[in-house]
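Letters go in sequence order (proteins before strands), and every chain restarts at 1. Please read these numbers as outputs of a predicted model, since none were measured by experiment.
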Amino acid sequence: MAKEFFKHNSISYEEKDVSDDTAREEMIEKSNQLGVPVIDIDGKIIVGFDEGKLSELLKISSK
Amino acid sequence: MYDVIIIGGGPAGVAAGVYSARKKLRTLIITESFGGQSAVAESIENWIGAKKISGIEFAKILESHIKAQENIEVKMPESAFNIENLSGNFKVTTDKNNSYQSKTLIITSGGRRRHLNIPGEEKFEGKGVAYCSTCDAPVFKNKSVAVIGSGNAGLGAAIDLAQYSSKVYLLSNKNSLIGDISIQEIVKNSDKIVIITNADVQEIIGNKFVSSLKYADKNDNQIKELNVEGIFVEIGSTPNSEFIKELVNINQKGEIIIDHKTGATSHPGIFAAGFVTDEIYKQNNICAGGGIIAALSAYNYLLNL
């Protein structure tokens, strides 16, 4: 859902698969938990797909 | 003042919304998200008209069908938490501190996953305790995990997890597995899945993250411990009826009791459909049908006001 949101709003992103140990470690370090997705926007960490928060941080006006 | 407020955007709510809008009723739908409980499903193969569709796709087509209608407003993500009867009209208050008024309500608030309600479960939610194997299985690659629950959801979760985990313990508090026989066969034939029946999970243990669980073995009354880093709770769902239970009759399971011919609840002007009701067969297609019945009944109710 997050990827759809980014695509729809023409936001480029880097995707990391958490079945890879390095990515998993990074996720744990940044968010202190194991739920996905974890989205890092310039250091701000969001756990789960929260359209409102993402729109706010990316300065996207809601439809 | 709306003619209809629909609470919940799963198949029941969306069906109600499409029909209500097309009857030119001034309609509002309030929901956290579209798609309902199936939005996280890997694949849906029994939504009539679609051979195979992912949960995400399903949520998208429901959302786009609603948004294609006139006469309907959408408030999302938003969640109704209180309903009041104000001299015949209804006032809905939400978690965003908004309130909306309507002449009728259609409750399609669905259900949520049941929790074990044992020590450690809440503490470790998101830290090893999970409720969606489709979402979270890859996080547990090469780790040991446990699935609690042996209905189709539990069996399905065990199979999903076996693709990633080094070991999957499938725990059931019953004597035997309860899901479909064909799926049981797949589970029994997997060399990564260990089935433990007559197990009553007591506690979830860990430090920063889950490290083990304790269960009571009903065969010998011993408490045993399993080292697992992930615990998937698959023990069914419970209806989201708390916010409305003062106004409508609900049964022992918390389901809203409806007249199955009309979708009417015990309270005039309030209709309900889908998983939150005492509908026997909880299936997406049936929820949609129920939503339509509720919308048409709301329309007739409004004509007679």
Side-chain angles (χ1 to χ4, degrees), chain A, chain B residues 9 31-35 39-41 54-61 63-64 66-67 73-79 95-96 122-143 145 160-161 163-166 206-211 228-232:
Chain A
M1 288 173 72
K3 295 195 312 195
E4 292 292 335
F5 174 81
F6 293 142
K7 185 168 160 206
H8 184 80
N9 289 288
S10 307
I11 307 276
S12 63
Y13 60 90
E14 188 188 345
E15 179 183 355
K16 298 185 184 184
D17 184 341
V18 296
S19 64
D20 169 78
D21 282 340
T22 319
R24 190 175 181 271
E25 287 302 315
E26 186 181 346
M27 179 180 85
I28 294 175
E29 202 190 299
K30 288 187 169 171
S31 71
N32 237 354
Q33 56 84 61
L34 295 168
V36 289
V38 169
I39 301 170
D40 177 349
I41 299 177
D42 289 335
K44 285 236 156 53
I45 308 296
I46 301 159
V47 177
F49 173 57
D50 183 336
E51 193 173 336
K53 265 209 205 129
L54 289 176
S55 298
E56 203 186 323
L57 284 172
L58 293 167
K59 311 231 189 302
I60 297 166
S61 54
S62 44
K63 40 188 156 86
Chain B
T31 185
E32 282 292 333
S33 59
F34 284 102
V40 294
S54 70
I56 297 179
E57 287 271 8
F58 181 63
K60 270 171 51 176
I61 61 173
E63 181 170 3
S64 68
I66 275 278
K67 290 184 170 170
E73 283 175 60
V74 177
K75 295 289 174 191
M76 180 188 87
E78 200 158 340
S79 174
D95 62 343
K96 299 255 151 91
E122 211 180 306
K123 178 177 174 195
F124 291 110
E125 184 167 350
K127 302 191 183 200
V129 174
Y131 299 85
C132 175
S133 60
T134 318
C135 316
D136 297 330
V139 175
F140 298 96
K141 188 171 178 187
N142 298 331
K143 314 269 177 201
V145 297
D160 281 348
L161 288 160
Q163 289 181 58
Y164 290 93
S165 306
S166 53
N207 215 339
K208 271 179 80 178
F209 296 98
V210 168
S211 58
V228 287
E229 291 183 58
I231 298 176
F232 285 79

Side-chain contact test, heavy atoms from C-beta onward, threshold under 4.5 Å: evaluate it for [X] versus [Y] and give yes or no.
X      : Y      : result
B:F232 : B:D136 : yes
A:I41  : A:K53  : no
B:F34  : B:M76  : yes

Next on the checklist: Out of B:V210, B:N142, B:V139, return the one with the most heavy atom pairs under 4.5 angstrom to chain A.
Outcome noted: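 When all of B:V210, B:N142, B:V139 are compared, B:V139 has the most.
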Item to check | Residue-level interface, residues 22-36 of chain A with chain B, non-hydrogen cut-off under 4.5 Å | outcome: A:R24, A:M27, A:I28, A:N32, A:Q33, A:L34, A:G35, A:V36
Next on the checklist: More than 12 heavy atoms of other residues, nucleotides or ligands under 6.0 Å from NZ of B:K96: yes or no?
Outcome noted: yes
Next on the checklist: Can you tell me if B:E122 has over 12 outside heavy atoms packed within less than 6.0 Å of its CD?
Outcome noted: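 Atom CD in B:E122 is not packed in, count stays at 12 or less.
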Checklist entry - Side chain, backbone, both or neither: which part of B:K127 has a non-hydrogen atom closer than 4.5 Å to chain A? => result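 Its backbone and side chain both get close to chain A.
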Next on the checklist: Looking at A:I11, is its backbone amide N or carbonyl O close enough to the side chain of A:N9 to form a donor-acceptor pair, meaning the two atoms are under 3.5 Å apart?
Outcome noted: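 Not at all, since once roles are kept as given, no pair shorter than 3.5 Å links the two residues.
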Next on the checklist: According to side-chain contact (heavy atoms from CB on, under 4.5 Å), who are the partners of B:S54, at least two apart in sequence or on a separate chain?
Outcome noted: B:I56, B:E57
